[in-house]
Amino acid sequence: MIISKTNSIRLETKSEPEDVETALAAMTATFNLKMAGFTTDLKAANDNATAAVKRADALELKLNRPRTAANDNEPSNETKSFGVYLRRGDKNADETKTLRVSAAPQGGYLAPPEFTTEFIRDLVQFSPIRALATVKQTSHPSVILQRRTGITNALWKGEAAAQEGSEPTFGQVEVVVREVNTFVDISNQLLQDAVVDVDAEVRLALAEDFGQKEGLAFVKGDGIIQPAGLMVDAGVGYVPNTSATVLSADALITLVYSLPAFYRNRGTFLMNGTTLATVRKLKDSTGQYLWQPSLQAGQPETLLGRPVVEAIDMDDIAANAFPILFGDIASAYRIVDRIDLSVLVNPYLLATNSITRMHASRRVGSGVVKPAAIKKLKMSTT
């Protein structure tokens with residue numbers, strides 16, 4: 001009995017480490033399983049948190065960015081609320097609190113207005129002299145052009161007769177650079193809060209204004225503080241119309257053939273729209289219009305075989321006016337660019353008043369360098 005009991009005890013003692021190992025293995029497996037689940041849950045929580053941060057950043061960016069033409073299609077809060085009201089009715093006060101209530105007896109909400117970034121602008125017309133003239137660049141306040149005003153004087157001589165000397169004559173033409181400028185004051189709140197790009201719109205307005213002033217100066221500039229214009233240069237000759245009030249077809253023919261063939265064959269008519277309408281009605285002795293329509297795409301319509309360009313700044317038909325110019329404008333007229341349109345933004349000068357000032361300037365000069373290449377038509381008898 002004692003031996004058996006001892007053996008039994010020994011057997012129980014021998015099996016005890018195996019039970020501990022089994023228990024530990026079970027606990028380890030359970031722990032690992034729970035840790036795996038915890039890791040999965042933690043990863044899911046981190047993914048959700050990351051997604052939430054991204055949505056918050058996107059929302060913050062959306063709220064802070066100004067409305068421009070690129071995001072103008074995005075509906076406003078009022079438009080969104082009105083859409084919710086149409087779909088669900090008046091059940092959610094938070095969704096409809098931005099809507100305007102109708103004062104009519106039947107009540108209800110007013111449909112929100114539609115806002116667009118489109119600007120309605122008045123048409124700005126320019127005289128297209130720059131496209132017809134010769135344009136140069138300079139880095140100096142003026143440009144001096146050398147001009148030959150005469151040729152040598154060769155003489156026919158008999159045998160053994162002595163030669164006589166002669167020299168060509170020369171002169172100079174100076175084209176002085178002039179400046180046109182202005183400034184614009186803009187509220188900082190308007191720049192920050194406007195749903196359209198106010199800065200770009202102001203720059204466009206400046207460009208149109210400067211282009212218009214430049215075109216007018218190229219036609220009628222006084223040459224003192226403005227560039228010298230085509231129509232005011234004293235060296236440019238004219239042909240009388242033979243009538244002070246009625247445009248003459250014969251005078252137009254005389255105008256064309258008053259120029260040398262070289263300039264005539266490269267000539268262009270310049271006139272405004274009112275004069276152009278009168279010219280298009282002129283007929284010859286057989287009843288045929290002098291004006292000829294273009295027979296090929298891309299080719300201009302012609303008058304007496306030469307193209308016509310409309311320039312708004314030319315004179316209307318009136319006594320002693322010069323409504324038409326004809327000739328080789330590229331040879332006759334030079335435009336010298338010193339500085340293109342420059343816009344300097346100064347946010348500091350009027351900062352205490354929350355104003356930003358935009359300084360705009362343009363430097364350009366022009367002048368007639370070859371008067372013999374163009375002629376004017378004068379509404380007079382002499």
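Atom set for the values below is all heavy atoms of this structure, side chains included, hydrogens, waters and symmetry mates excluded. Please read all numbers here as calculations on a predicted model, not as lab measurements.
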### Query
Given side chains that start at C-beta, do those of Ser127 and Phe218 come closer than 4.5 Å, heavy atoms only?
no
### Query
Should the ring pair Phe183 and His359 be called parallel, tilted or perpendicular, given that the plane angle runs from 0 to 90° and is split at 30 and 60?
tilted
### Message
Between Val308 and Leu304, is there shared hydrophobic-cluster membership here, with clusters defined by ILVMFWY side-chain heavy atoms closer than 4.5 Å?
### Response
yes
### Query
Is the shortest side-chain N to carboxylate O distance from Lys220 to Asp315 below 4.0 Å?
yes
### Query
Quick one: are Asp337 and Val135 in side-chain contact, heavy atoms under 4.5 Å?
yes
### Query
Any side-chain heavy-atom pair from Leu377 and Phe326 closer than 4.5 angstrom?
no
### Joint cluster assignment, Ile374 & Val239, ILVMFWY side-chain distance < 4.5 Å
no
### Query
Hey, does the side chain of Asn346 reach the backbone of Arg357 with a donor-acceptor pair shorter than 3.5 angstrom?
no
### Message
Looking at Lys376 and Asp233, is there a salt bridge between them, counting it only when a charged N and a carboxylate O are closer than 4.0 Å?
### Response
no
### Task
Examine Leu276 and Leu282 and state if one hydrophobic cluster contains both, with Ile, Leu, Val, Met, Phe, Trp and Tyr joined whenever side-chain heavy atoms are less than 4.5 Å apart.
yes
### Query
So, for Val343 and Arg203, which heavy atoms are closest and what is the spacing to 0.1 Å?
CB-NH1, 3.5 Å
### N-O pairing of Glu179 and Arg338 below 4.0 Å
no
### Task
Side-chain contact test, heavy atoms from C-beta onward, threshold under 4.5 Å: evaluate it for Met358 versus Ile186 and give yes or no.
yes
### Message
Please check this pair: side chain of Asp222 against backbone of Ile224, looking for a donor-acceptor N/O pair closer than 3.5 Å.
### Response
yes
### Query
Of Leu349, Leu191, Leu350, which is the lone residue that meets side chain to side chain contact (heavy atoms under 4.5 Å, CB included) with Thr356?
Leu191
